[in-house]
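Note: hydrogens, waters and symmetry copies are ignored here, and every other heavy atom, side chains too, is used. No experiment lies behind these values; they were computed from the predicted model shown. Each chain gets a letter, A, B and so on, in the order its sequence line appears, and its residues count up from 1.
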Number of protein chains: 2
Amino acid sequence: MGKQAATIVDVARAAGVSPSTVSHALSGKREISLPVKERIFKKIRELDYRPSFYAQAMKRNSTGMIGVVVNECRNPSASLFLDTLAAELEKYSYKIVIGLAGLDHRKGEELLRHFSAGLVDGVINLLPQITPEEAQILCGSTPVVTNIREKLIPVRLDYDQLTRNILNYLWDLGHRRIGYITSPSRDPHRPDGEATRQIMTEFLKSHGEELDPRMIAEGDDSIEGGIAGTEQIMRLGNITAIFAGNDQTAFGIYRWAYLNGVRIPDDISVIGFDDVPQAATLIPPMTTVRFPVQELVTHTVKLLIAKLRQETLPPGQITLDMPLVIRHSVADRKRISAGRRKKALPSGKKNKTIPSIIL
Amino acid sequence: MGKQAATIVDVARAAGVSPSTVSHALSGKREISLPVKERIFKKIRELDYRPSFYAQAMKRNSTGMIGVVVNECRNPSASLFLDTLAAELEKYSYKIVIGLAGLDHRKGEELLRHFSAGLVDGVINLLPQITPEEAQILCGSTPVVTNIREKLIPVRLDYDQLTRNILNYLWDLGHRRIGYITSPSRDPHRPDGEATRQIMTEFLKSHGEELDPRMIAEGDDSIEGGIAGTEQIMRLGNITAIFAGNDQTAFGIYRWAYLNGVRIPDDISVIGFDDVPQAATLIPPMTTVRFPVQELVTHTVKLLIAKLRQETLPPGQITLDMPLVIRHSVADRKRISAGRRKKALPSGKKNKTIPSIIL
DNA sequence: CTCATCAATCAAAACGTTTTGAAAAATAAG
DNA sequence: CTTATTTTTCAAAACGTTTTGATTGATGAG
């Protein structure tokens, strides 16, 4: 049972040497004679000695770990991000430690505090409800990078333009009444809430229409949120397309559609956001925006590593594309209204409204 | 920038008291006079002092954290499990720390070693490729629970009976040529590989048929694996149903079906395993086995906590149900072959072949 | 034979806490 | 005004490492 773990002192005693000799044998920082070395390693194996992680960390003042805090990982967007982060951090031989904060705001703060009390060398904050400033305060002197999906310093993600492009794309296909389900966020630059409202207003005005604010529903990146949002929007009547701030939310649209006997894309068109692997498995396969996970993760990690090493990154921003992956959840209303009740897929037809990938 | 974090000694000096007094003020284990206490807390705030996690862990010889190691979390089954674990562990005020091992066997072992060198108080191993015995060796004296989904000690999950039930269910609906895509596992009691082969063989023999071993394809719990497995099985011809060891795999079946113009359930019936939230959002909503995540997690954590406290659990096993959640991805072939090309859903009709939930 | 050189090992300090027994100061009892 | 008691604070040890300067004994040069 609870056998006490052996310490370096136990090993030293067993091998008849001093603890420092064992340490040196292990680290190879000083010459140790062969016979002694063998004796030591034999005892290490016998006693199943493993250096205490925290004792080491305390001496070195470093743990070789990066902490990532996130609300939950049940959302495929989140879990994909985490997997990618883990792989990227491994390249720098950092281990990743994930903290799950749940939906509770308090727990997230506590977790950041906890992590940055020396538990990890650096922190990546994925909680949207905590601003970069707050995160830095919570983390004290531990380097932290936040706001990954919004405005990571060396990266430019033009959500506003994306929203315009999507609107344009749908408009060109004959959609006039378009709904949107937000993703929770504080930053005004994510295509949600205020920003989207403004852009949609402008867009519609330039086409001589007016925005009904109820066409924008508040989502929470969950399937249930997606269902509820769809319900709210569809009640408005004559809606022909909905786009969502998150694929998980968009799955909710599919669910609502099935539950209400509404066909995709014949009756309602759907556009998601993230392009999680499951998006392609839906029937019809979902048209969605591809979020550049890998690139963003690469830059996130680069930035964090630079902070850790107290280096400064070469200035300059790189703009990452967010192309629309065109599958089959968006209908061409013009063809439909022209009487031909064919599943009208914009296949082949290269469009100019938005950078896209046709699958 | 890299301002050194303040230590308890800094605080003590600043407040003109000894470090132990600060410690006591913080822990409340001894009475400290009000004015001194106030002085101390003022300085703590000023210096943004936070107790070093390791130093504390080292003294207490405990970290208050449980380590969970898993291959990846992109699979919804895995991420759901993790979220549930986190919530459950929180009830015991343990924090969860997730280690992502990727697909590399070596990294998994390393991670277990690393965790159990004092980084965490206990370990939950979710890597299927590591046996309970191996895990215990890797973890040394750190308590570890493994093999969660297969045979967690206090829990009985009858995969063999489940397989028989599913076979029966499909057979009753007129399915004769049934494929299966495995989930990777070492344990012979999971409904995959050998176990399933044997049960299918028996089942078919008792119905006067013989099993074509190619009807069992090897999956890896990925969408791609599901697509490939489906391809292999469908090539055999005349297949009317496939069931998968994992919902993610089953998503692959949907994908293959769409890509090949095969309709679900009219042409091919699909049954998944786990009942992840996304399963209901597919069109048609997927029939799948509900895995009792919450219950299993509850017992897993109970077992681990018992080990941590060096208590022994009251003996006895509890059997957890794995009901079939009947949605709309399985067709009634009898009605179909009777000429009526109606989407034949076994709705309402209570069947006796398998415990089920009809949605 | 003496002194310098080198290899191998050790002892002690340090990392930042908590804990405990003891000291000092304040209060109460006689 | 002692003495006992209580309250408040301190000093030192301990946790398990790593690091560094010192010590020992052996080896080689002169």
Side-chain angles (χ1 to χ4, degrees), chain A residues 3-41 43-44 47-64 113-114 116-121 140-142, chain B residues 3-41 43-44 47-64 113-114 116-121 140-142:
Chain A
K3 220 187 316 159
Q4 266 306 309
T7 75
I8 203 172
V9 184
D10 300 327
V11 175
R13 193 160 24 221
V17 296
S18 81
S20 53
T21 306
V22 177
S23 179
H24 287 135
L26 237 19
S27 69
K29 296 208 171 171
R30 283 205 187 170
E31 215 62 40
I32 301 291
S33 70
L34 196 61
V36 173
K37 216 188 279 186
E38 279 174 347
R39 204 142 35 93
I40 291 176
F41 280 112
K43 290 302 173 189
I44 287 184
L47 298 176
D48 189 25
Y49 165 70
R50 39 192 91 197
S52 151
F53 178 78
Y54 32 85
Q56 289 194 139
M58 206 166 118
K59 271 314 276 187
R60 301 206 237 270
N61 205 28
S62 150
T63 66
R113 270 229 146 66
H114 192 240
S116 56
L119 214 184
V120 297
D121 296 346
S141 56
T142 304
Chain B
K3 220 186 315 161
Q4 267 307 308
T7 74
I8 200 171
V9 184
D10 299 328
V11 175
R13 192 160 24 222
V17 297
S18 80
S20 53
T21 305
V22 178
S23 178
H24 287 134
L26 238 17
S27 67
K29 295 208 174 174
R30 286 207 186 167
E31 216 61 40
I32 302 290
S33 69
L34 197 60
V36 173
K37 218 188 278 188
E38 278 174 348
R39 201 140 38 89
I40 290 177
F41 280 112
K43 289 302 172 188
I44 287 183
L47 298 175
D48 189 25
Y49 164 69
R50 40 192 91 197
S52 151
F53 176 78
Y54 304 104
Q56 290 195 143
M58 206 163 118
K59 271 313 275 186
R60 302 206 236 268
N61 204 31
S62 150
T63 63
R113 269 229 147 66
H114 193 241
S116 55
L119 214 185
V120 297
D121 295 346
S141 56
T142 304

Practice problem: Go through DNA chain D in 5' to 3' direction and return only the first and the last nucleotide with some atom under 4.0 Å of chain A's heavy atoms. | Solution: D:dG16 to D:dA22
Quiz item: Just checking B:Thr7: base, sugar-phosphate only, or nothing, at a heavy-atom cut-off of under 4.0 Å?
Solution: sugar-phosphate
Self-check item: OP1 or OP2 of C:dC10 under 4.0 Å from side-chain N/O of A:Thr21
Solution: yes
Exercise. Evaluate the side-chain proximity of B:Ile40 to B:Lys37: yes if any heavy-atom separation is below 4.5 Å, no if none is.
Key: no
Quiz item: Does a donor on one side chain sit under 3.5 Å from an acceptor on the other, for B:Tyr54 and A:Asn61?
Solution: no
So which protein nitrogen or oxygen atoms get under 3.5 Å of nucleotides 24-27 of chain C's nitrogens or oxygens?
none

Exercise. Starting from P on C:dA7, measure out to NE2 on A:His24 and report it in whole angstrom.
Key: 15 Å
Self-check item: ring-ring contact (aromatic ring centres under 6.0 Å, His included) partners for A:His114, two or more places apart
Solution: B:Phe53
Quiz item: Taking DNA chain C as the partner, which of residues 28-38 of chain B come within under 4.0 angstrom of it by heavy atom?
Solution: B:Lys29, B:Arg30
Quiz item: Any donor-acceptor pair under 3.5 Å between the side chain of A:Ser20 and the base of C:dA11?
Solution: yes
Quiz item: Mapping B:Pro19 and B:Asn61 onto DNA chain D by nearest heavy atom, which one lands closer to the 5' end?
Solution: B:Pro19
Quiz item: Is the backbone N or O of A:Ala117 less than 3.5 Å from a side-chain atom of B:Arg50, with the two atoms forming a donor-acceptor pair by type?
Solution: no
Practice problem: Would you mind classifying the nucleic acid contact of B:Phe53 as base, sugar-phosphate or nothing, using non-hydrogen atoms under 4.0 angstrom? | Solution: nothing
Quiz item: Backbone N or O of B:Leu119 within a donor-acceptor pair of the B:Thr63 side chain at under 3.5 Å?
Solution: yes
Practice problem: Could you check whether B:Ser52 gets within reach of a base, just the sugar-phosphate, or nothing at all, counting any heavy atom under 4.0 Å? | Solution: sugar-phosphate
Exercise. Return the angle between end axes of the helix from C:dC1-D:dG30 to C:dG30-D:dC1, with five pairs used per end and rounding to 10°.
Key: 60°
Practice problem: Among residues two or more places apart or on two chains, list those pairs meeting side chain to side chain donor-acceptor pair (under 3.5 Å) that have a residue in residues 17-26 of chain A. | Solution: A:Ser18-A:Ser20, A:Ser18-A:Thr21
